[in-house]
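Reading through the structure tokens given below for one structure.
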Amino acid sequence: MRAHLARVDAVLVQAVIAAALSFAHLHDVASAAGQDGWKAWAYPVAVDLLLVAAWRRLRSGEAKAAGWCWFLIALAASLGANVATAGLLDPDNVPAWLRILVAGWPAVAFLGGTLLVHSSPTTHDETSDDVGQEKAEDIKDEVDAPGPAPEPPVTPALEPLPTPVPVAVPAALVEHARKVAAEHHARTGTAIDTPTLRARLGVPPPMADAIAAQL
């Protein structure tokens, strides 16, 4: 445990020293480029914050291309200031292009930080997944929910068959039918059937049935 703490403490001390030196170099370059007072101290903060935002995007695993792009830009600004203060930059004769870069750095850092922090696709994807999961659960609940019991089929009531109305047959017609039936039996040797009787007499089916019942 103590060895682990010693390693952690050494790393922290090294990180603090490196950050302090880089911070001072950035301040010196900004001051030499015409940014006096508190503005010279704000430039190192802008560079370091852009580095942190790019590092967090790289660790998230999303949009690594954008993370590497802004990380290299911030790293180039930090390394450039460190190298420039190693005797390569004359504080009394700063080139115009360096003044332009220093003056435009706040806008670049703001753009990079905004794109890295406020355009994270992870939040959008997680929100879409949550909404899709909630919709799927709602649909599943609707499918699994028991519906109303089906009503038994209604069987239509059977209407009673109409009672046949007795047909009045004249006695003379019955006698004539007997003659026709006797003639048919004498000629064919078989009893006359109702359709044949109806055809011979020329009467409707109900009356033919009534006559056949009396024969």
Side-chain angles (χ1 to χ4, degrees), residues 1-140:
M1 184 65 180
R2 293 181 179 178
H4 179 69
L5 291 177
R7 289 195 300 270
V8 173
D9 292 341
V11 172
L12 289 177
V13 171
Q14 183 181 9
V16 170
I17 294 175
L21 291 175
S22 179
F23 196 91
H25 293 161
L26 287 168
H27 169 269
D28 294 343
V29 171
S31 179
Q35 307 296 327
D36 299 329
W38 66 270
K39 293 182 289 184
W41 294 105
Y43 275 85
V45 176
V47 174
D48 292 341
L49 288 180
L50 185 59
L51 277 172
V52 171
W55 174 75
R56 287 177 61 88
R57 172 55 66 87
L58 292 176
R59 288 198 60 187
S60 68
E62 301 289 344
K64 289 187 176 181
W68 277 114
C69 177
W70 290 106
F71 182 83
L72 293 177
I73 292 175
L75 184 62
S78 179
L79 289 177
N82 295 334
V83 173
T85 54
L88 300 179
L89 177 65
D90 184 6
D92 297 330
N93 188 17
V94 178
W97 62 266
L98 182 58
R99 293 179 180 273
I100 294 174
L101 288 179
V102 172
W105 176 256
V108 175
F110 177 77
L111 176 63
T114 302
L115 294 177
L116 290 173
V117 175
H118 296 288
S119 63
S120 175
T122 303
T123 304
H124 175 71
D125 294 342
E126 292 178 354
T127 303
S128 300
D129 293 340
D130 293 340
V131 173
Q133 184 176 2
E134 291 177 357
K135 291 183 178 179
E137 291 177 355
D138 294 340
I139 294 175
K140 182 179 179 181

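Reckoned from all heavy atoms, side chains included, excluding hydrogens, waters and symmetry mates. Not measured: the values here are computed from a predicted model.
- Contacts of Trp41 classified as side-chain contact (heavy atoms from CB on, under 4.5 Å), with partners at least two apart in sequence or in another chain: Phe23, His27.
- Within the structure, every pair that satisfies the ring-ring contact (aromatic ring centres under 6.0 Å, His included) test and touches residues 69-99, not counting sequence neighbours, is listed here: Trp68-Phe71.
- With values rounded to the nearest 0.5 angstrom, Leu115 atom CG is found 9.5 Å from Phe110 atom CZ.
- When the side-chain hydrogen bond (donor to acceptor under 3.5 Å, both in side chains) test is applied to Ser78, the partners found at least two apart in sequence or on another chain are Ser22.
- Nearest heavy-atom pair, Ala77 versus Leu26, reported as atom, atom and distance to 0.1 Å: O-CD2, 3.7 Å.
- Summarising the geometry of Gly67 relative to Leu58, their closest heavy-atom pair is C-CD2, 3.8 Å, with the distance given to 0.1 Å.
- Judged by distance alone, with hydrogens and angles left aside, the side-chain atoms of Ser60 form a donor-acceptor pair with the main-chain N or O of Arg57 at under 3.5 Å.
- For the atom pair Leu98 CG and Asn93 CG, the distance stands at 11.0 Å (nearest 0.5 Å).
- The side-chain heavy atoms of Val108 and Leu101, taken from C-beta on, include no pair separated by under 4.5 Å.
- Under the 4.5 Å side-chain criterion, counting only non-hydrogen atoms from C-beta, Trp105 is in contact with Val47.
- Residue-environment remark: CZ (Arg56) stays at or below the threshold of 12 foreign heavy atoms within 6.0 Å.
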